[in-house]
Protein chains: 2
Amino acid sequence: MGHTQRGQCAKRISILDAAAEVFCREGFSGASIDEIAVEACVSRQTIYNHYREKETLFTAVVEDVMDRANAMLFSILSTFPDKSDHLEDDLTAFAVRLTKNCLCNQDGKFLRKLVQSEGERYPHLFETWRQHGPGKIGTALGALFARLSHKGVLRIDDFDLAARQFLALVNADLQMITLFGGTPTDEELESAARNAVQTFIRAYAGPASETAPRTPALAVVG
Amino acid sequence: MGHTQRGQCAKRISILDAAAEVFCREGFSGASIDEIAVEACVSRQTIYNHYREKETLFTAVVEDVMDRANAMLFSILSTFPDKSDHLEDDLTAFAVRLTKNCLCNQDGKFLRKLVQSEGERYPHLFETWRQHGPGKIGTALGALFARLSHKGVLRIDDFDLAARQFLALVNADLQMITLFGGTPTDEELESAARNAVQTFIRAYAGPASETAPRTPALAVVG
DNA sequence: GTCAAACTAGACACCATTGTCTAAAACGTC
DNA sequence: GACGTTTTAGACAATGGTGTCTAGTTTGAC
């Protein structure tokens, strides 16, 4: 009995992957169990075996994707070097990793589409996404910027705001591509990240590095 | 005969409005003609009378919303003052108008959700949105920033990039709210706009790049 | 090989939805 | 008031999806 777990597990994964694909492509109501079964190379009954009904399957898929996305997110977050002597390059490379592996990959696309289209119908979905899923990417990034600000590398008042703006800037060039399902090329990711980081640093590095002391400049910052 | 146009027109509008509401809430496959008929206070046959089938209705709704959103967009764009002595305040007020009337209203929500969820299944929808609809908000804003840059008020290399970043920054604080269907309050709009504009100006008012010559414009902006 | 568990294929009832059709009613014009 | 058009309510067939059931097959442990 013990080893059948393997087979079961393989089926489960196969079903979850196929379901994620189909739900993402067709939305919840547009997706049919038969379609998922075919894509997963599994009989329909097997799906009803593991997940009582369509709704249960959908919830399981969302949890699965969120867990994976969450793990990937923190794995990426930890890759920012403790000390960086080329802030722009390090931030750019970091932004590329973030977009490539979290924001613009299949899981990111799934969550963006599904939270958007089904978030109102499943409020708990949105809540989970915000608290346990990639929704907290903002606060996590905020912690990173707090570190950088503490070291004097950046000059930031509101860390969470800076994090939101950083993400927004990185997405600025990618939205057109990701909005209708496309996947950005490496060049596009690189360019988007570079644009975003340059603007971000211009806004938050300020004259600290090269000009007079900061105190009277407060008027500029407002 | 001539005056029946009025009645017909009223029905059409009623149907389009109700359909937009339901399509937005339920998605294309989730929306049922009966539901739309009830919401429009119209019999189902009347809908099939005006629009041959569900698909036709959907297309008509999208065109209708896009036309309205487009008109509103250009109406708002023209409100930016020709000469502004308080750039931050003027940009902020402008951003508030833009979000309130274009990005975060019912039409904006509809387009965001529908282009996202049905854009892959209706490529022409996405194309129309990008070329004739609010998708060109970017280039329109780019023209505005080109003007500001020419006047020396801002220092911008790539106008379209600046426009994308401006929009992204404005959305940074609103995404969490709009993502699951909420409508931001006036205070939230105001705060989001202020945060965005301050960062935008810090990035684009100062010396363009590290080695660029400096102008006294910095003081004027603050 | 044996056995139990899991999987498959297909049939099935049930329900919601689309799109058509018809007869009656409402409306606006003359 | 008469007439043509539009709208309405409801019945209708056709379709497609959900979830159940059954009978037969595969799978893996012992």
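Chain letters run A, B, ... following the sequence lines, proteins first, then strands; residues in each count from 1.
Here the shortest heavy-atom pairing between B:T128 and B:H124 reads OG1-O, 2.6 Å. Pairing each heavy atom of B:L91 with each of B:F80, the nearest pair is CD2-CE1, 3.8 Å.
The one candidate from B:T79, B:I76, B:V170 that meets the side-chain contact (heavy atoms from CB on, under 4.5 Å) condition with B:L98 is B:I76.
Remark: A:R130 CZ is loosely packed, at most 12 non-hydrogen atoms of other residues, nucleotides or ligands lying under 6.0 Å away. Within a 6.0 Å radius of NE2 in A:H86, no more than 12 heavy atoms belonging to other residues, nucleotides or ligands are found.
Here B:A37 lies out of heavy-atom contact (under 4.0 Å) with every strand.
Aromatic rings of B:F166 and B:Y204 (six-membered ring for Trp) have centroids beyond the 6.0 Å cut-off, not under it.
With the end axes of the helix from C:dG1-D:dC30 to C:dC30-D:dG1 each set by five pairs, the angle from one to the other reads 30° at 10° resolution.
In the region residues 40-58 of chain A, proximity to DNA chain D at under 4.0 angstrom, judged on heavy atoms, holds for A:R44, A:Q45, A:Y48, A:E53, A:K54.
In this entry the distance linking CD of B:E26 with P of C:dA16 reads 15 Å, nearest Å. Atom NZ of A:K11 is separated from atom C1' of D:dG28 by 13 Å (rounded to the nearest Å).
For the pair B:D17 and B:R12, the salt-bridge criterion is not met [side-chain N within less than 4.0 Å of a carboxylate O].
Checked by atom type and distance alone, the side chain of A:T92 pairs as donor or acceptor with a backbone atom of A:E88 at under 3.5 Å.
In the set D:dT18, C:dC7, C:dT18, the nucleotide with an atom closest to the side chain of B:D34 is C:dT18.
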